[in-house]
Amino acid sequence: MGGLEARGIVGPFALKGVDLLLRPGEWLALLGPNGSGKTTLLRLLLGEAPDAGEVAVPPGRRVAYIPGEREVDLGEDPILEAVYRRLKDVGAAIEVLNRVGLSDAVLYRARPHELSTGQRERFRLALLLAERPDLLLIDEFAAHLDVPTARRVALGLGKLCREAGVTLVAATHRPEVVAALDPDLLVYVGYGGLTTVPRRGPRT
């Protein structure tokens with residue numbers, strides 16, 4: 001569950017002839033300048049119909065964070081309670097918060113409006129992970145985090161997703177995030193098409 005295949009895709013922003021295969025449990029990093037079509041590709045993978053071609057995603061839970069389009073409702077509950085409500089396991093809720101860099105016990109009682117911009121971004125990731133997705137799509141990953149924090153959050157997210165077998169597609173412009181995530185496939189989106197760069201053979 002959670003893999004995807006896109007064949008012959010033609011979509012908005014002149015995406016043409018896109019062919020992409022990501023096996024369940026593998027990770028893809030989307031790279032490219034602003035306006036090149038990264039967000040468009042994420043929307044297509046989430047379920048938006050292309051102008052031509054097809055996107056095949058096996059059954060499973062798809063969740064996404066696309067700023068300005070598909071936001072994550074942070075609610076008003078203390079952050080530990082919000083994650084616990086989804087997971088029904090306080091140990092697992094604490095583990096998820098730890099992995100995204102919210103490990104301070106004082107923060108567990110904080111409400112979303114009391115968090116900094118960077119902390120809210122990490123809390124969004126925690127809520128996405130608490131949905132137990134098979135396929136996780138993230139646009140502008142770690143956009144508001146400083147370099148050390150972005151690297152730490154990417155490492156924590158990576159470890160949790162690997163353990164859970166989550167298929168991950170993350171769009172980012174930050175080399176430290178790409179290095180920390182260590183994706184299976186790099187995809188460069190450039191005004192009209194894709195260039196794929198495999199970084200290893202299929203995982204066993």
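Note that these values count all heavy atoms, side chains included, but never hydrogens, waters or copies made by symmetry.
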**Student:** Please report the shortest heavy-atom distance between Leu45 and Leu135, naming the atom on each side.
**Tutor:**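 Nearest heavy atoms, Leu45 then Leu135: O-CD2, 4.5 Å.
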**Student:** Evaluate the side-chain contact (heavy atoms from CB on, under 4.5 Å) criterion for residues Arg99 and Val96: first the C-alpha distance (whole Å), next the side-chain angles of each, then the deciding distance (0.1 Å), finally the verdict.
**Tutor:** CA-CA 5 Å; Arg99 293 291 179 88; Val96 167; 5.8 Å; no
**Student:** Please walk me through it: do Asp139 and Tyr65 pass side-chain contact (heavy atoms from CB on, under 4.5 Å)?
**Tutor:** CA-CA 6 Å; Asp139 199 8; Tyr65 172 48; over 6 Å; no
**Student:** With a 4.5 Å cut-off on side-chain heavy atoms, are Thr167 and Leu22 touching?
**Tutor:**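 Yes; the side chains approach each other to less than 4.5 Å.
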**Student:** Counting distance only, does the side-chain N/O of Glu121 pair as donor-acceptor with the main-chain N or O of His144 below 3.5 Å?
**Tutor:**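 Pair found, side chain donor or acceptor close to backbone of His144.
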**Student:** State whether Asp77 and Arg85 are salt-bridged, where the test is any N-O pair (Lys NZ or Arg NE/NH1/NH2 against Asp/Glu carboxylate O) under 4.0 Å.
**Tutor:**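 Yes, Asp77 and Arg85 are salt-bridged.
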**Student:** I'd like to know if Val90 and Leu129 are part of one continuous hydrophobic network [Ile/Leu/Val/Met/Phe/Trp/Tyr, side-chain heavy atoms within less than 4.5 Å].
**Tutor:**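 Yes, because Leu129 and Val90 connect within a single hydrophobic cluster, where side-chain heavy atoms sit under 4.5 Å apart.
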**Student:** A side-chain contact here means heavy atoms from C-beta on lying under 4.5 Å apart; do Thr39 and Ile66 qualify?
**Tutor:**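 They are in side-chain contact.
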**Student:** With a 4.5 Å limit on heavy-atom distance, are the side chains of Leu28 and Asp184 in contact?
**Tutor:**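 No; the side chains remain at least 4.5 Å from each other.
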**Student:** Can you tell me how far apart CD (Glu140) and CG (Leu30) are? Round to the nearest 0.5 Å.
**Tutor:**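 Between Glu140 CD and Leu30 CG, I get 12.0 Å after rounding to 0.5 Å.
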**Student:** Which heavy atom of Phe123 sits nearest to which heavy atom of Pro112, and what is that distance?
**Tutor:**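 That would be CE2-CG, 3.7 Å.
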**Student:** Is the number of heavy atoms from other residues, nucleotides or ligands under 6.0 Å of Glu71 CD greater than 12?
**Tutor:**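 Yes, enclosed.
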**Student:** From Lys159 NZ over to Leu181 CG, what is the distance, rounded to the nearest 0.5 angstrom?
**Tutor:**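 Lys159 atom NZ to Leu181 atom CG measures 15.0 Å (nearest 0.5 Å).
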**Student:** Looking at every non-hydrogen atom in both residues, tell me the closest pair between Ala130 and Leu87 and how far apart they are.
**Tutor:**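 Looks like O-CD2, 3.6 Å.
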**Student:** For residues Leu80 and Leu97, determine if any side-chain heavy atom of one lies less than 4.5 Å from a side-chain heavy atom of the other.
**Tutor:**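 Yes; the side chains approach each other to less than 4.5 Å.
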**Student:** With a 4.5 Å limit on heavy-atom distance, are the side chains of Leu127 and Leu74 in contact?
**Tutor:**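 Heavy-atom side-chain distance check passes, below 4.5 Å.
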**Student:** Using a strict threshold of under 4.0 Å (side-chain N to carboxylate O), is an ion pair present between Asp182 and Arg151?
**Tutor:**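 Answer for the salt bridge query: no.
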**Student:** Which value, rounded to the nearest 0.5 Å, describes the distance between Arg152 atom CZ and Ser103 atom OG?
**Tutor:**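 It is 7.5 Å, given to the nearest 0.5 Å.
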**Student:** Checking the side chain of Arg62 only, and the main-chain atoms of Pro133 only, is there a donor and an acceptor separated by less than 3.5 Å?
**Tutor:**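 No; zero donor-acceptor contacts below 3.5 Å.
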**Student:** Are any of the side-chain heavy atoms of Ile138 and Leu136 separated by less than 4.5 Å?
**Tutor:**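 Contact flag for Ile138/Leu136 side chains = yes.
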**Student:** Over all heavy atoms of both residues, which pair between Val178 and Pro183 is shortest? Give the atoms and the distance, please.
**Tutor:**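 That would be O-CD, 3.3 Å.
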**Student:** Are any of the side-chain heavy atoms of Asp134 and Val166 separated by less than 4.5 Å?
**Tutor:**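 No; the side chains remain at least 4.5 Å from each other.
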**Student:** With side-chain contact (heavy atoms from CB on, under 4.5 Å) as the criterion, how do Arg122 and Leu115 come out once you've worked through the C-alpha distance, each side chain's angles and the decisive distance to 0.1 Å?
**Tutor:** CA-CA 10 Å; Arg122 285 176 272 169; Leu115 302 176; over 6 Å; no
**Student:** Kindly indicate whether the side chain of Trp27, heavy atoms from C-beta on, has any atom under 4.5 Å from the side chain of Leu185.
**Tutor:**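 Side chain of Trp27 against side chain of Leu185, heavy atoms only: no contact under 4.5 Å found.
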**Student:** Only pairs at least two apart or in different chains count here, so list each side-chain hydrogen bond (donor to acceptor under 3.5 Å, both in side chains) that has a residue in residues 105-115.
**Tutor:**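 Listed once each, the pairs are Asn98-Tyr108.
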**Student:** Quick one: pull up CZ in Arg70 and CZ in Arg43 and give me the separation to the nearest 0.5 Å.
**Tutor:**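 The CZ atom of Arg70 sits 12.0 Å away from the CZ atom of Arg43.
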**Student:** Same cluster for Leu155 and Ile94 if Ile/Leu/Val/Met/Phe/Trp/Tyr side chains link at under 4.5 Å?
**Tutor:**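 Each belongs to a different hydrophobic cluster.
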**Student:** The test is side-chain contact (heavy atoms from CB on, under 4.5 Å); show your working for Gln119 and Leu102 and say whether it passes.
**Tutor:** CA-CA 7 Å; Gln119 288 169 341; Leu102 295 174; 4.1 Å; yes
**Student:** Arg86: what forms a side-chain hydrogen bond (donor to acceptor under 3.5 Å, both in side chains) with it, not counting sequence neighbours?
**Tutor:**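 Testing Arg86 for side-chain hydrogen bond (donor to acceptor under 3.5 Å, both in side chains), a comparison that skips the adjacent residues, returns Glu131.
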**Student:** Any idea which heavy atoms bring Thr172 and Leu31 closest together, and the distance?
**Tutor:**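 Answer, listing the atom of Thr172 first, then Leu31: O-CD2, 3.3 Å.
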